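Below is one structure, written out as C-alpha coordinates; comments come after it.
All values derive from a computational prediction rather than experimental measurement.
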Amino acid sequence: MLNRWLNDATIMLRDRVDSWPQALEVCAQPLLAQGVITPDYVTAIVAQHHKLGPYYVLAPGLAMPHARPEEGATGMGLSLLKLEQGVSFDADEFDPVDVIVMLAAPDSHSHIEMISALAALFSSDEDLLQLHQAKSQEEIKTIISRF
(Lines give C-alpha, C1' and ligand atoms only; values in the text may rest on other atoms or scores of the structure.)
Protein backbone atom coordinates (compact mmCIF):
# COMPACT_ATOMS: atom_id res chain seq x y z
CA MET A 1 0.00 0.00 0.00
CA LEU A 2 2.80 2.44 0.84
CA ASN A 3 4.33 2.01 -2.62
CA ARG A 4 1.23 3.78 -3.95
CA TRP A 5 2.53 6.90 -2.20
CA LEU A 6 6.28 6.34 -1.94
CA ASN A 7 7.85 5.86 -5.37
CA ASP A 8 10.59 7.27 -7.63
CA ALA A 9 8.91 10.69 -7.58
CA THR A 10 8.57 10.90 -3.79
CA ILE A 11 11.67 9.12 -2.42
CA MET A 12 14.85 11.18 -2.22
CA LEU A 13 18.33 10.34 -1.01
CA ARG A 14 20.83 12.98 0.02
CA ASP A 15 24.22 12.82 1.62
CA ARG A 16 23.35 15.52 4.13
CA VAL A 17 21.47 18.72 4.85
CA ASP A 18 22.60 21.65 6.97
CA SER A 19 19.63 21.85 9.36
CA TRP A 20 16.26 20.38 10.26
CA PRO A 21 14.38 23.21 8.48
CA GLN A 22 16.33 22.40 5.32
CA ALA A 23 15.46 18.71 5.75
CA LEU A 24 11.78 19.67 5.89
CA GLU A 25 12.10 21.87 2.79
CA VAL A 26 13.83 19.11 0.80
CA CYS A 27 11.35 16.47 1.95
CA ALA A 28 8.41 18.72 1.00
CA GLN A 29 9.56 19.27 -2.60
CA PRO A 30 7.75 16.28 -4.20
CA LEU A 31 4.51 17.09 -2.38
CA LEU A 32 4.75 20.74 -3.42
CA ALA A 33 5.46 19.70 -7.02
CA GLN A 34 2.40 17.43 -7.03
CA GLY A 35 0.21 20.13 -5.51
CA VAL A 36 -0.53 17.96 -2.47
CA ILE A 37 0.64 20.72 -0.10
CA THR A 38 1.15 24.46 -0.29
CA PRO A 39 4.24 26.25 1.08
CA ASP A 40 2.10 27.15 4.12
CA TYR A 41 2.18 23.48 5.16
CA VAL A 42 5.94 23.52 5.72
CA THR A 43 5.70 26.91 7.43
CA ALA A 44 3.11 25.42 9.83
CA ILE A 45 5.36 22.46 10.67
CA VAL A 46 8.29 24.78 11.42
CA ALA A 47 6.08 27.06 13.55
CA GLN A 48 4.75 24.10 15.54
CA HIS A 49 8.30 22.79 15.99
CA HIS A 50 9.33 26.14 17.49
CA LYS A 51 6.24 26.15 19.72
CA LEU A 52 6.06 22.48 20.82
CA GLY A 53 9.48 21.06 20.01
CA PRO A 54 10.09 18.18 17.58
CA TYR A 55 6.65 16.58 18.09
CA TYR A 56 7.01 14.56 14.90
CA VAL A 57 10.30 12.79 15.76
CA LEU A 58 8.87 9.38 16.60
CA ALA A 59 11.88 7.15 17.29
CA PRO A 60 15.66 7.22 17.06
CA GLY A 61 16.55 8.53 13.61
CA LEU A 62 12.91 8.75 12.43
CA ALA A 63 10.73 11.80 11.84
CA MET A 64 7.23 12.08 10.38
CA PRO A 65 6.58 15.80 9.94
CA HIS A 66 2.97 16.79 9.38
CA ALA A 67 0.59 19.64 10.03
CA ARG A 68 -3.18 20.00 10.24
CA PRO A 69 -5.12 19.64 6.97
CA GLU A 70 -6.26 23.27 7.02
CA GLU A 71 -2.63 24.42 7.24
CA GLY A 72 -1.95 23.73 3.57
CA ALA A 73 -2.73 20.09 2.74
CA THR A 74 -4.75 19.96 -0.47
CA GLY A 75 -4.51 16.20 -1.04
CA MET A 76 -3.08 12.98 0.33
CA GLY A 77 0.56 12.18 -0.03
CA LEU A 78 3.83 10.98 1.43
CA SER A 79 7.42 11.83 0.67
CA LEU A 80 10.56 10.27 2.10
CA LEU A 81 13.99 11.78 2.53
CA LYS A 82 16.84 9.41 3.44
CA LEU A 83 20.00 11.13 4.63
CA GLU A 84 23.39 9.45 4.66
CA GLN A 85 24.38 11.73 7.55
CA GLY A 86 21.56 12.37 9.99
CA VAL A 87 20.64 15.87 11.13
CA SER A 88 19.70 17.16 14.59
CA PHE A 89 16.04 18.01 15.14
CA ASP A 90 16.73 18.96 18.79
CA ALA A 91 15.11 15.64 19.72
CA ASP A 92 17.61 14.55 22.38
CA GLU A 93 18.15 10.77 22.29
CA PHE A 94 16.27 10.44 18.98
CA ASP A 95 18.88 12.56 17.14
CA PRO A 96 20.37 12.42 14.60
CA VAL A 97 17.44 11.85 12.24
CA ASP A 98 18.20 10.21 8.89
CA VAL A 99 14.73 9.06 7.74
CA ILE A 100 12.09 11.76 7.26
CA VAL A 101 8.62 10.82 6.01
CA MET A 102 6.37 13.81 5.37
CA LEU A 103 2.65 13.08 5.54
CA ALA A 104 -0.13 15.21 4.11
CA ALA A 105 -3.88 14.62 4.27
CA PRO A 106 -6.73 16.97 3.34
CA ASP A 107 -8.94 15.90 6.26
CA SER A 108 -8.78 13.98 9.52
CA HIS A 109 -10.02 10.60 8.27
CA SER A 110 -8.95 9.81 4.68
CA HIS A 111 -5.38 8.93 5.67
CA ILE A 112 -6.19 6.24 8.27
CA GLU A 113 -5.12 3.38 5.95
CA MET A 114 -1.88 5.23 5.13
CA ILE A 115 -1.15 5.80 8.84
CA SER A 116 -1.85 2.14 9.60
CA ALA A 117 0.65 1.02 6.95
CA LEU A 118 3.25 3.49 8.26
CA ALA A 119 2.65 2.28 11.83
CA ALA A 120 3.26 -1.30 10.72
CA LEU A 121 6.52 -0.27 9.05
CA PHE A 122 7.64 1.85 12.00
CA SER A 123 6.88 -0.94 14.48
CA SER A 124 8.96 -3.51 12.59
CA ASP A 125 12.43 -3.24 14.09
CA GLU A 126 13.97 -5.26 11.25
CA ASP A 127 12.38 -3.24 8.44
CA LEU A 128 13.12 0.06 10.18
CA LEU A 129 16.77 -0.96 10.60
CA GLN A 130 16.92 -1.82 6.88
CA LEU A 131 15.38 1.57 6.08
CA HIS A 132 18.04 3.34 8.15
CA GLN A 133 20.75 1.35 6.34
CA ALA A 134 19.30 1.80 2.82
CA LYS A 135 21.61 3.35 0.25
CA SER A 136 19.34 3.48 -2.82
CA GLN A 137 15.78 4.18 -3.95
CA GLU A 138 15.48 0.53 -4.97
CA GLU A 139 16.35 -0.66 -1.46
CA ILE A 140 13.80 1.73 0.05
CA LYS A 141 11.11 0.67 -2.44
CA THR A 142 11.75 -3.00 -1.62
CA ILE A 143 11.28 -2.33 2.10
CA ILE A 144 8.12 -0.27 1.72
CA SER A 145 6.60 -2.71 -0.79
CA ARG A 146 5.96 -5.05 2.17
CA PHE A 147 3.56 -2.53 3.73
Side-chain angles (χ1 to χ4, degrees), residues 1-106 111 114-145 147:
M1 188 263 173
L2 287 179
N3 56 5
R4 188 168 134 209
W5 305 103
L6 293 172
N7 50 55
D8 290 340
T10 57
I11 298 171
M12 298 158 293
L13 288 91
R14 294 279 157 79
D15 182 45
R16 60 183 303 277
V17 293
D18 294 328
S19 63
W20 65 263
Q22 185 183 26
L24 295 179
E25 288 175 25
V26 171
C27 196
Q29 288 308 309
L31 299 177
L32 287 164
Q34 293 173 356
V36 172
I37 61 171
T38 68
D40 291 342
Y41 195 75
V42 180
T43 302
I45 296 169
V46 171
Q48 284 294 91
H49 182 121
H50 287 303
K51 184 176 176 184
L52 302 174
Y55 63 96
Y56 50 84
V57 179
L58 307 178
L62 176 67
M64 191 178 76
H66 58 282
R68 300 194 48 77
E70 64 271 15
E71 294 176 312
T74 58
M76 274 193 18
L78 290 173
S79 61
L80 186 150
L81 173 61
K82 172 66 178 83
L83 299 170
E84 184 64 31
Q85 297 176 14
V87 65
S88 173
F89 276 76
D90 299 322
D92 300 324
E93 72 274 8
F94 289 172
D95 277 333
V97 172
D98 67 316
V99 175
I100 301 124
V101 179
M102 188 170 285
L103 169 105
H111 63 294
M114 183 189 291
I115 289 282
S116 296
L118 284 170
L121 168 60
F122 296 162
S123 63
S124 168
D125 291 340
E126 182 180 331
D127 290 296
L128 202 50
L129 178 63
Q130 289 178 10
L131 192 56
H132 285 295
Q133 294 172 343
K135 303 278 188 221
S136 71
Q137 263 191 343
E138 290 307 313
E139 288 178 76
I140 294 169
K141 289 191 308 188
T142 298
I143 297 161
I144 62 157
S145 70
F147 297 91

Stepwise side-chain contact (heavy atoms from CB on, under 4.5 Å) test for Ile11 and Leu13:
CA-CA 7 Å; Ile11 298 171; Leu13 288 91; 4.3 Å; yes

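- With Ser79 contributing its side chain and Cys27 its backbone, the two residues share a donor-acceptor pair below 3.5 Å.
- A side-chain donor-acceptor contact under 3.5 Å links Asp95 to the backbone of Asp90.
- For the ring-ring contact (aromatic ring centres under 6.0 Å, His included) test, residues two or more places apart in sequence or in another chain that qualify with Tyr56 are His49, Phe89.
- Atom CH2 in Trp5 sits 15.0 Å away from atom CG in Leu80 (nearest 0.5 Å).
- Inter-residue side-chain proximity for Pro60 and Glu93 is flagged as unmet; no heavy-atom pair is nearer than 4.5 Å.
- Contact between Pro65 and Val101 at its shortest, heavy atoms only, is CD-O, 3.3 Å.
- Side chains of Glu71 and Asp40 form no contact here, defined as non-hydrogen atoms less than 4.5 Å apart.
- A distance-only check finds no donor-acceptor pair linking the side chain of Gln48 to the backbone of Ala67 [under 3.5 Å].
- Separating the OG atom in Ser123 from the CG atom in Leu121 is a distance of 8.0 Å, to the nearest 0.5 Å.
- Between Asn7 and Gln137 the shortest heavy-atom distance is O-NE2, 4.3 Å.
- A side-chain donor-acceptor contact under 3.5 Å links Thr74 to the backbone of Val36.
- Between the side chain of Lys82 and the backbone N or O of His132 there is at least one donor-acceptor pair closer than 3.5 Å.
- Here His111 pairs with nothing under the side-chain hydrogen bond (donor to acceptor under 3.5 Å, both in side chains) rule; sequence neighbours left out.
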Just do the side-chain contact (heavy atoms from CB on, under 4.5 Å) check on Ile37 and Met102 with the steps written out, would you?
CA-CA 11 Å; Ile37 61 171; Met102 188 170 285; 4.2 Å; yes

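- Note: Ile45 CD1 to Leu103 CG = 9.0 Å, rounded to the nearest 0.5 Å.
- For the side chain to side chain contact (heavy atoms under 4.5 Å, CB included) test, no residue two or more places apart in sequence or in another chain qualifies with Asp125.
- Of all non-hydrogen atoms in Phe147 and Ser124, the two that sit nearest each other are CZ-CB, 4.2 Å.
- Take Gln29 and apply the side-chain hydrogen bond (donor to acceptor under 3.5 Å, both in side chains) test, not counting sequence neighbours, and it matches no residue.
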Start with the C-alpha gap between Leu62 and Phe94, add the side-chain angles, then the distance that decides, and say whether side-chain contact (heavy atoms from CB on, under 4.5 Å) holds.
CA-CA 8 Å; Leu62 176 67; Phe94 289 172; over 6 Å; no

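- Of the inter-residue distances, the one linking Leu83 atom CG with Ile100 atom CD1 reads 4.5 Å to the nearest 0.5 angstrom.
- Minimum heavy-atom separation, Pro30 to Ala9: CB-O, 3.4 Å.
- When all heavy atoms of Ala23 and Leu81 are compared, the closest pair comes out as O-CD2, 3.6 Å.
- Distance CG/Leu2 to CG/Leu78: 6.5 Å, rounded to 0.5 Å.
- Looking at Trp20 and Pro54, their side chains never come closer than 4.5 Å, going by heavy atoms from C-beta outward.
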Apply the test side-chain contact (heavy atoms from CB on, under 4.5 Å) to residues Asp8 and Lys141: give CA-CA distance (whole Å), side-chain angles for both, the deciding distance (0.1 Å), then the verdict.
CA-CA 8 Å; Asp8 290 340; Lys141 289 191 308 188; 2.6 Å; yes

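- Between the OG1 atom in Thr10 and the CD1 atom in Ile140 there is a gap of 10.0 Å [rounded to 0.5 Å].
- Of all heavy-atom pairs spanning Ala105 and Pro69, the tightest one is O-CB, 3.3 Å.
- With sequence neighbours excluded, the residues satisfying salt bridge (Lys or Arg N to Asp or Glu O under 4.0 Å) with Glu84 are Lys135.
- Every residue two or more places apart in sequence or in another chain was checked for a salt bridge (Lys or Arg N to Asp or Glu O under 4.0 Å) with Glu139, and none qualifies.
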